Each structure stands twice: as C-alpha cells, then as structure tokens.
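Heads up, the thing below is written out as structure tokens.
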Amino acid sequence: MNKRLYKYVGGILLVVAIAACDKEEIPVYTNQDFISFEQDESKVSMEYSFLGKPESFEKDTIWVLVNLIGNTADQDREINVMVADSSTASEGVDFKIVRPVLLPAKEVSAQIPVVLLRNETLKESSKKLIIALQDGNGLVKAEYKDDLFETFSIGFSEDINSLVRPSWWDRYSNYFPYSKIRHLQYLRVIGADVDPIDAFPELFDSASYDYTLYKLQEDTDLYNETHEQPLADEFGPIDWIIE
C-alpha cells in the first residue's frame with residue numbers, strides 16, 4: 001500500500017472517529033427528577049357522587065397517583081401540591097388535602113390523599129377540584145405539550161340530576177322503568193352502581209337478581225311504613241314486585 005493510500009485511509013478513520021464523538025455528545029443529561037400524574041388521558045380526571053351514601057357518610061378519600069420520572073432518593077421528599085384557581089371547590093369547606101404529601105425513600109410513586117367533604121351545597125350544584133404539581137424539594141413537575149397530564153380534576157356532587165341511566169339497566173327495563181328516584185334507591189340499598197349479578201357474585205345469576213329485588217322491596221316497605229306518602233317517582237308509587 002503506497003503512502004497516498006495510507007493517508008486516504010487514515011483520513012477516513014479520523015472522520016469516523018470525530019463523527020462518533022459528536023454522536024455521543026448529542027444526548028443531554030440532567031440530574032433533575034421529574035414528577036407527573038399518570039400519562040393516560042382516562043386517568044387525569046374523575047367524577048364522584050355522594051348519592052346513595054348513608055347520611056352518616058360525611059366524607060370520602062380519593063387517592064391520586066403521582067409518578068417519579070428520574071432517580072429515587074435515600075430519604076422522603078415532599079411533593080408540592082397546589083389547588084388551581086379554576087377550581088370551584090374551596091379547601092377546608094368542600095375538600096382538604098392531607099399534607100405533607102411525601103414521595104417515600106426509594107419509591108417511584110406516591111399518593112395524594114384528597115378528602116372530599118359532604119355538605120348541603122352539593123345537593124344543588126357540583127364542585128370541581130383541580131390540583132397541580134409545583135417544583136420543589138428536588139422534584140420538578142414534568143411539562144407536556146398543551147399542558148396535558150399537568151393537572152388532575154375531580155368533579156363531585158350529590159345532585160340527583162347528575163345520575164345517568166346505566167347501560168345494564170336496559171336488561172330489566174321491561175319490568176321496571178328507569179327513573180332517577182329508582183336509581184337513587186338502588187344506589188342507597190345495594191351500595192354500588194353495578195348489575196345485580198355483580199353486586200352479589202356469590203349467588204347464581206337468578207338468585208342474585210331475586211335477592212336484589214327482595215332488598216329493594218324491603219327498603220320500599222320500610223319507607224312507606226314510616227312516611228305519610230309512599231315512595232314514588234314520575235310513574236307513580238314504586239314497588240319491585242314482579243307479578
């Protein structure tokens with residue numbers, strides 16, 4: 001191989017080496033640790049209702065997940081949580097956030113405890129709580145395009161008008177027409193907005209349905225015995241008896 005060829009090959013190797021160095025320097029590394037709500041559009045908001053809960057049920061706790069994007073630490077770190085100005089719920093009146101909110105040592109996620117408070121105003125209008133994260137304590141809020149995933153929204157109420165006919169009700173609509181009063185009674189007695197089969201999974205399908213009707217009729221009879229006017233909706237007096 002002549003000298004000219006050696007110089008040519010050597011030049012190519014030098015260019016490749018420089019290019020490789022440049023390529024390694026492209027990534028930008030940072031020692032910042034980011035926090036974010038779940039990166040799923042279906043998990044950055046929720047609706048809650050006190051409808052159907054016993055009168056003694058004065059509050060409920062919602063747990064909001066926060067994820068770490070970065071390095072864990074050997075000590076607990078406090079997460080700065082703020083209430084957005086666009087919220088219609090008032091802290092201390094409609095809700096409270098249990099502080100401090102801590103990201104535990106060596107953990108990659110934490111839960112924000114949000115206590116929803118039941119009061120009379122919820123029967124007239126719904127409330128909206130919007131919470132956001134702030135920088136601090138070595139944790140930086142992650143920023144996304146169009147502010148997506150930067151807030152978590154909780155809507156809550158006790159307004160009967162907020163009830164929506166569940167899809168499973170159609171299975172029984174030939175026997176019992178839907179009404180919000182019936183729906184509310186179902187929530188109060190059964191304790192969940194689910195199909196009777198799911199409410200009592202330990203029973204056979206037909207038995208779970210019969211037991212549900214028994215519980216609802218028992219509640220209706222008790223109401224009628226203790227009130228001057230029978231339990232009724234827009235269709236007339238309510239009963240859960242199939243003739």
Side-chain angles (χ1 to χ4, degrees), residues 40-64 86-90 93-96 114-131 151-201 203 205 208-242:
D40 185 331
E41 289 187 62
S42 66
K43 297 180 180 179
V44 290
S45 66
M46 65 168 294
E47 295 294 325
Y48 179 93
S49 177
F50 280 105
L51 277 172
K53 303 292 192 300
E55 292 184 4
S56 59
F57 197 87
E58 298 179 348
K59 60 185 178 181
D60 202 358
T61 302
I62 304 299
W63 297 89
V64 180
S86 52
S87 298
T88 59
S90 300
V93 177
D94 303 308
F95 73 93
K96 63 179 180 180
V114 181
V115 182
L116 304 181
L117 305 175
R118 191 179 195 178
N119 55 51
E120 290 297 316
T121 62
L122 292 177
K123 295 180 180 179
E124 301 171 359
S125 61
S126 62
K127 300 288 184 178
K128 180 75 72 175
L129 166 60
I130 301 174
I131 56 179
T151 62
F152 190 96
S153 173
I154 303 174
F156 57 107
S157 71
E158 196 176 353
D159 180 8
I160 193 171
N161 293 319
S162 65
L163 286 177
V164 177
R165 176 176 180 151
S167 58
W168 57 262
W169 195 287
D170 293 338
R171 184 184 304 179
Y172 313 106
S173 59
N174 289 336
Y175 301 107
F176 308 114
Y178 176 82
S179 72
K180 293 184 183 296
I181 296 295
R182 280 187 184 272
H183 194 171
L184 177 58
Q185 184 187 15
Y186 189 97
L187 285 172
R188 180 168 52 79
V189 174
I190 305 305
D193 198 354
V194 296
D195 189 292
I197 295 173
D198 298 320
F200 302 103
L203 302 176
D205 290 0
S208 63
Y209 180 55
D210 292 340
Y211 184 64
T212 298
L213 296 181
Y214 166 76
K215 296 290 290 183
L216 291 166
Q217 187 59 45
E218 183 182 49
D219 180 76
T220 301
D221 292 341
L222 179 61
Y223 179 94
N224 292 342
E225 290 172 4
T226 55
H227 293 76
E228 292 184 4
Q229 299 296 324
L231 183 64
D233 58 14
E234 61 267 34
F235 302 105
I238 287 176
D239 70 55
W240 299 89
I241 300 172
I242 298 179

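Just so it is clear, the values below take in all heavy atoms, side chains as well, and ignore hydrogens, waters and symmetry mates. Predicted, not measured: the structure shown is a model, and the values here were computed from it.
- The heavy-atom pair separating W240 from Q217 by the smallest distance is N-OE1, 2.5 Å.
- The two atoms that bring P166 and D193 nearest to each other are CG-OD1, 3.7 Å, heavy atoms only.
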Before you tell me yes or no, could you show the steps for L231 and N224 under side-chain contact (heavy atoms from CB on, under 4.5 Å), namely the whole-Å CA-CA distance, both residues' side-chain angles and the distance that decides it to 0.1 Å?
CA-CA 6 Å; L231 183 64; N224 292 342; 3.9 Å; yes
Could you give me the CA-CA distance, side-chain angles and deciding distance for I160 and H183, then say whether side-chain contact (heavy atoms from CB on, under 4.5 Å) is met?
CA-CA 9 Å; I160 193 171; H183 194 171; over 6 Å; no
Would V93 and T121 count as a side-chain contact (heavy atoms from CB on, under 4.5 Å) if you check the C-alpha gap in whole Å, the side-chain angles of each, and the deciding distance to 0.1 Å?
CA-CA 10 Å; V93 177; T121 62; over 6 Å; no
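- Taking the six-membered ring where the residue is Trp, the centroids of F156 and F95 are separated by 6.0 Å or more.
- Closest non-hydrogen pair, T220 versus I238, comes out as CG2-O, 3.3 Å.
- Heavy atoms from other residues, nucleotides or ligands lying under 6.0 Å from CD of E234 number more than 12.
- Environment of CD in E218: crowded, with over 12 heavy atoms of neighbouring residues, nucleotides or ligands closer than 6.0 Å.
- Side-chain contact check for Y172 and D195: at least one donor-acceptor pair (N or O, by modelled atom type) lies under 3.5 Å.
- Closest non-hydrogen pair, S125 versus S157, comes out as O-CB, 4.4 Å.
- Between I130 and S86, the shortest heavy-atom distance links the atoms CD1-OG, 3.4 Å.
- Applying the salt bridge (charged side-chain N to carboxylate O under 4.0 Å, His left out) rule to K123 yields the partners E120; only residues at least two apart in sequence or on another chain are considered.
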Under the side-chain contact (heavy atoms from CB on, under 4.5 Å) rule, what do K127 and L116 come out as? Steps first, then yes or no, please.
CA-CA 10 Å; K127 300 288 184 178; L116 304 181; over 6 Å; no
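- Partners of D210 by side chain to side chain contact (heavy atoms under 4.5 Å, CB included), not counting sequence neighbours: none found.
- For the salt bridge (charged side-chain N to carboxylate O under 4.0 Å, His left out) condition, the pairs that include at least one residue of residues 219-229, sequence neighbours left out, are R188-D219.
- Checked options F176, Y175, Y178; the residue passing with W169 is Y178 (criterion: ring pair (Phe, Tyr, Trp, His ring centres under 6.0 Å)).
- Nearest heavy atom pair, residue H227 against residue Y223, reads ND1-O, 2.8 Å.
- In this structure, the side chain to side chain contact (heavy atoms under 4.5 Å, CB included) partners of K96, at least two apart in sequence or on a different chain, are V115.
- Every residue two or more places apart in sequence or in another chain that forms a side chain to side chain donor-acceptor pair (under 3.5 Å) with D94 is listed here: N119.
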Taking it one step at a time, do R165 and D170 satisfy salt bridge (charged side-chain N to carboxylate O under 4.0 Å, His left out)?
CA-CA 9 Å; R165 176 176 180 151; D170 293 338; 2.9 Å; yes
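- Other residues, nucleotides and ligands contribute over 12 non-hydrogen atoms within 6.0 Å of the CZ atom of F235.
- Residues passing the side chain to side chain contact (heavy atoms under 4.5 Å, CB included) test with T212 are Y186, I190, P196, F200, L216, sequence neighbours excluded.
- With respect to the salt-bridge test (charged N to carboxylate O, under 4.0 angstrom), the residues D60 and R118 do not qualify.
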